[in-house]
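Here is the structure we will look at.
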Amino acid sequence: MTSIAVVGCGYLGAVHAACMAELGHEVVGLEVDLERVASLNDGRAPFHEPGLDDLLARGLASGRLSFTADPAAIAEVEVAFICVGTPQRRGELAADVSHVDAATATVAAHVTRAGALVVGKSTVPVGTAPRLAEELARTAPHLELAWNPEFLREGHAVDDTLEPDRLVLGVTSERAEAVLREVYATPIAGGTPVVVTDFATAELAKVAANSFLATKISFINAMAELCEAAGGDVVLLADAIGHDKRIGRSFLNAGLGFGGGCLPKDIRAFMARAGEVGADQALTFLREVDAINMRRRSRMVDLAIAGLGGSAIGRRVGVLGAAFKPHSDDIRDSPALNVAAQLQLQGADVVITDPEALDNARRLWPGLSYASTAQEACEGVDIVLLLTEWPEYVGLDPDELGTVVRRRHVLDGRNALDVRRWQAAGWDYRALGRPHV
Ligand SMILES: NC(=O)C1=CN([C@@H]2O[C@H](COP(=O)(O)OP(=O)(O)OC[C@H]3O[C@@H](n4cnc5c(N)ncnc54)[C@H](O)[C@@H]3O)[C@@H](O)[C@H]2O)C=CC1
Ligand SMILES: O=C(O)[C@H]1O[C@H](OP(=O)(O)OP(=O)(O)OC[C@H]2O[C@@H](n3ccc(=O)[nH]c3=O)[C@H](O)[C@@H]2O)[C@H](O)[C@@H](O)[C@@H]1O
């Protein structure tokens, strides 16, 4: 059992803290947001993440898990994970690492145990770890730094943490590696591969992985543009190339593209950092990845307006989905909300529904209208837009929904609906990258 602090208990840190307790460690989560602390100590995840409430309940009941805003509580820990946010800086591509700096300073000031390991998990620009290590050497020489980037997906965060595809340990000593191998003894014993690296490789592995995933999505969305121009079907195209084991079918789902709190900001921060370290040309392709991705949102708006007869003014639009992807209530850079807001700005009366993200959406876009069910959102609408492929929307009965709409016209922004079924129910079905379905 290792005594652990997790600093920053958002989407990453709350899951990490609960999972570390599940693995048998003694964990204190340090979080500046008092509401978040109270909710976590009550066993209620402050956001939607499948399985997290159960884990919190077990951890709290075991007495091995607690949350606090008081940094004095982390004095005796052996390992302090840094899990605070690294958002895009306003008006720039680069990441804002000020929270990481502040969290590291808090750990330096409060962890007193000699030899304790400070472990960065936040996604940072390459070069951050050596800078923080120097800072610690000056301010808290009794502490050592390691970098252990996190690859979990929202919506699958618990499983991804307990059984990760791999662990990347950026370390500068055998002792640091040994401490981290002890922390992750259970997944390692279960077969999780471990890649031990220097700091730079560990930091780069994270943004390289997200850049690759973003590139894969934009590649298939570029093919969708081609299909729209040349008459192909991007879903069949993805199947056709995805059967090639060297390519693989995952992350080839064409549609509205990627959003969320990570892929968009990470590729931008990576481009900005490449310039700073003198590799100006290396990542210019990511600009195109970003541009292809953003073009899908405009294309969706154009298709919707075309479906409304050329103007959105005074027309009613029902939107299924607000979260950036299913199984999450995260609306950071949500393609669905972006499209909904653009249509509203063009004069449509847009009503949005989502099983988990409505409260977050209301806070960010109070000017849009919201409904708690698909039927309510689609009451009297001229067009239905599927923008987040929640299973409950994919499984909707087109006959039943057809009774509440004004026109049976659906735009599938995620290529997720059963085309034949919707067409058989008399719906005019349109999708991105499938001009002839
Ligand atoms: N959300 C995700 O699925 C993943 C996120 N990441 C990375 O993890 C980092 C965190 O991301 P999220 O959890 O999504 O962000 P978040 O914004 O949900 O959570 C950050 C939390 O840190 C707290 N915080 C800020 N400064 C603090 C301080 N000095 N002391 C204590 N708490 C503090 C905030 O109040 C907030 O609750 C980012 O670098 C992100 O790129 C990596 C993998 C997955
Ligand atoms: O750094 C992070 O925070 C995380 O970012 C992503 O995870 P996440 O943002 O939770 O979601 P993804 O499942 O990657 O989906 C991202 C976006 O891409 C879209 N997407 C995904 C797959 C696909 O084929 N097509 C597609 O448009 C999704 O709808 C969503 O908007 C990565 O998958 C994680 O490995 C990483 O840890």
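Atoms within each ligand, like the ligands themselves, are counted from 1 in listed order. No hydrogens, no waters, no symmetry mates; every other heavy atom, side chains included, goes into these values.
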* Asked: So, the side chain of N210 versus the backbone of D266: is there a donor-acceptor pair under 3.5 Å, distance only?
  -> no

* Asked: So, the side chain of H327 versus the backbone of H156: is there a donor-acceptor pair under 3.5 Å, distance only?
  -> no

Judged by non-hydrogen atoms, does [X] sit under 4.0 Å from ligand 1?
X    : value
K206 : yes
T106 : no
C83  : yes
R332 : yes

With only distance considered, is [X] within less than 3.5 Å of ligand 1 through an N or O on each side?
X    : result
G85  : no
D266 : no
E150 : no
K121 : no
Y11  : yes

How close does the nearest protein non-hydrogen atom get to [atom], and which residue and atom is it?
atom                    : result
atom 4 (C) of ligand 1  : C262 SG, 3.8 Å
atom 19 (O) of ligand 1 : G10 CA, 3.2 Å
atom 40 (C) of ligand 1 : K265 NZ, 3.7 Å
atom 27 (C) of ligand 1 : V84 CG1, 3.5 Å
atom 34 (C) of ligand 1 : E31 OE2, 3.4 Å
atom 2 (C) of ligand 1  : E154 OE2, 3.6 Å
atom 28 (C) of ligand 1 : V32 CG1, 3.8 Å
atom 39 (O) of ligand 1 : T86 OG1, 2.5 Å

* For ligand 1, is any non-hydrogen atom under 4.0 Å from R36's backbone (N, CA, C, O), its side chain (CB onward), both, or neither? -> side chain

* To which of L152, V15, L30 does the heavy atom nearest atom 31 (C) of ligand 1 belong? -> L30

* Distance filter under 4.0 Å to V7 heavy atoms, resulting ligand 1 atoms -> 30 (N), 31 (C)

Is the number of heavy atoms from other residues, nucleotides or ligands under 6.0 Å of [X] [atom1] greater than 12?
X    : atom1 : value
W427 : CH2   : yes
F212 : CZ    : no
E92  : CD    : yes
F219 : CZ    : no
E163 : CD    : no

For each nitrogen or oxygen atom of ligand 2, which protein N/O atoms lie closer than 3.5 Å, and how far apart are they, rounded to 0.1 Å?
from     : atom 1 : to   : atom 2 : distance (Å)
ligand 2 : 1 (O)  : K206 : NZ     : 2.7
ligand 2 : 1 (O)  : N210 : ND2    : 2.8
ligand 2 : 10 (O) : E154 : N      : 2.8
ligand 2 : 10 (O) : K325 : NZ     : 3.2
ligand 2 : 11 (O) : K325 : NZ     : 3.0
ligand 2 : 13 (O) : K325 : NZ     : 2.9
ligand 2 : 24 (O) : L252 : N      : 3.4
ligand 2 : 24 (O) : N253 : N      : 2.9
ligand 2 : 25 (N) : N253 : O      : 3.0
ligand 2 : 27 (O) : G257 : O      : 3.4
ligand 2 : 27 (O) : R414 : NH1    : 3.2
ligand 2 : 29 (O) : R414 : NH1    : 3.4
ligand 2 : 31 (O) : G259 : N      : 3.1
ligand 2 : 31 (O) : F324 : O      : 2.9
ligand 2 : 35 (O) : F151 : O      : 2.7
ligand 2 : 37 (O) : F151 : O      : 3.1
ligand 2 : 37 (O) : L152 : N      : 3.4
ligand 2 : 37 (O) : L152 : O      : 2.6
ligand 2 : 37 (O) : K206 : NZ     : 2.9

* Identify the residue among R434, R299, R430 that makes a salt bridge (Lys or Arg N to Asp or Glu O under 4.0 Å) with E228. => R299

Do [Y] and [X] meet the salt-bridge criterion of a basic N to acidic O distance under 4.0 Å?
X    : Y    : answer
K325 : E154 : no
E203 : R273 : no
E135 : R138 : yes

* Are E392 and P355 close enough that some pair of their side-chain heavy atoms sits under 4.5 Å apart? -> yes

Show me the side-chain donor-acceptor pairs of residues 253-260 shorter than 3.5 Å, one per line, residues at least two apart or across chains.
from : atom 1 : to   : atom 2 : distance (Å)
N253 : OD1    : R249 : NH1    : 3.0

* Parallel, tilted or perpendicular: ring planes of H16 versus F81, cut at 30 and 60 degrees -> perpendicular

* To do: Could you walk me through whether K265 and T123 pass side-chain hydrogen bond (donor to acceptor under 3.5 Å, both in side chains), step by step?
  => CA-CA 10 Å; K265 64 119 172 129; T123 302; 4.8 Å; no

* **Side-chain H-bond candidate by donor/acceptor type, T68 with D70, under 3.5 Å** => no

